[in-house]
J.: 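The structure's right below; bear with me while I get my questions together.
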Amino acid sequence: EHSSRSHMILRVEVTSGVGEAKSKGSLYLVDLAGSERVRKSEVEGKALKEAQHINKSLSALGNVMEALDRKASHVPYRDSKLTYLLQNSLGGN
């Protein structure tokens, strides 16, 4: 059985112009899986691991947003694959 509970990121790159006047941009379309109260849902096995990974990545995203908001010297983009992939669109260069 395949689970559909996951995050999805679609990146669209657009280039316009000719020669030296080229412009390039990226558009990210992100569908985040919802968090789950593991104890309340009583999930087990693979579904439990999946829920824990989803919750961990959502927590990491919150940590990045908080660090950006308070203009911290370190922003923890590498704490999850989700935040690492979205680094450029979240404000990291």
J.: Kindly indicate whether the side chain of K22, heavy atoms from C-beta on, has any atom under 4.5 Å from the side chain of T15.
T.: yes

J.: Can you find a pair of side-chain heavy atoms, one from L82 and one from L32, that are under 4.5 Å apart?
T.: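 L82 reaches L32 side chain to side chain.
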
J.: Please determine whether side-chain contact (heavy atoms from CB on, under 4.5 Å) holds for the pair T83 and N63, giving the CA-CA distance in whole Å, both sets of side-chain angles, and the decisive distance to 0.1 Å.
T.: CA-CA 10 Å; T83 54; N63 293 340; over 6 Å; no

J.: Is any side-chain heavy atom of L48 less than 4.5 Å from a side-chain heavy atom of Q52?
T.: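 Answer yes - side chains close enough.
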
J.: Looking at side-chain heavy atoms only, is the closest gap between L29 and I9 below 4.5 Å?
T.: no

J.: Take H7 and S57, measure what side-chain contact (heavy atoms from CB on, under 4.5 Å) needs, and give me the verdict at the end.
T.: CA-CA 9 Å; H7 305 308; S57 66; 2.6 Å; yes

J.: Of all the heavy-atom pairs spanning A60 and D79, show the shortest one and how long it is.
T.: CB-CB, 4.1 Å

J.: Can you tell if the side chain of V14 reaches within under 4.5 Å of the side chain of K24, non-hydrogen atoms only?
T.: no

J.: Rounded to the nearest 0.5 Å, what separation is found between the NE2 atom of H53 and the OG atom of S6?
T.: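 H53 atom NE2 to S6 atom OG measures 12.5 Å (nearest 0.5 Å).
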
J.: Evaluate side-chain contact (heavy atoms from CB on, under 4.5 Å) for L10 paired with Y28, printing each intermediate quantity in order.
T.: CA-CA 6 Å; L10 174 64; Y28 289 85; over 6 Å; no

J.: Check whether I54 and M8 end up in the same hydrophobic cluster, where Ile, Leu, Val, Met, Phe, Trp and Tyr are linked by side-chain heavy atoms less than 4.5 Å apart.
T.: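 No, it is not one cluster - the side chains of I54 and M8 are not joined through contacts under 4.5 Å.
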
J.: Hey, are the side chains of Q87 and V64 touching, using non-hydrogen atoms and a 4.5 Å cut-off?
T.: no

J.: Are L90 and V30 in one and the same hydrophobic cluster, where Ile, Leu, Val, Met, Phe, Trp and Tyr link if side-chain heavy atoms are under 4.5 Å apart?
T.: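 Cluster IDs for L90 and V30 match.
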
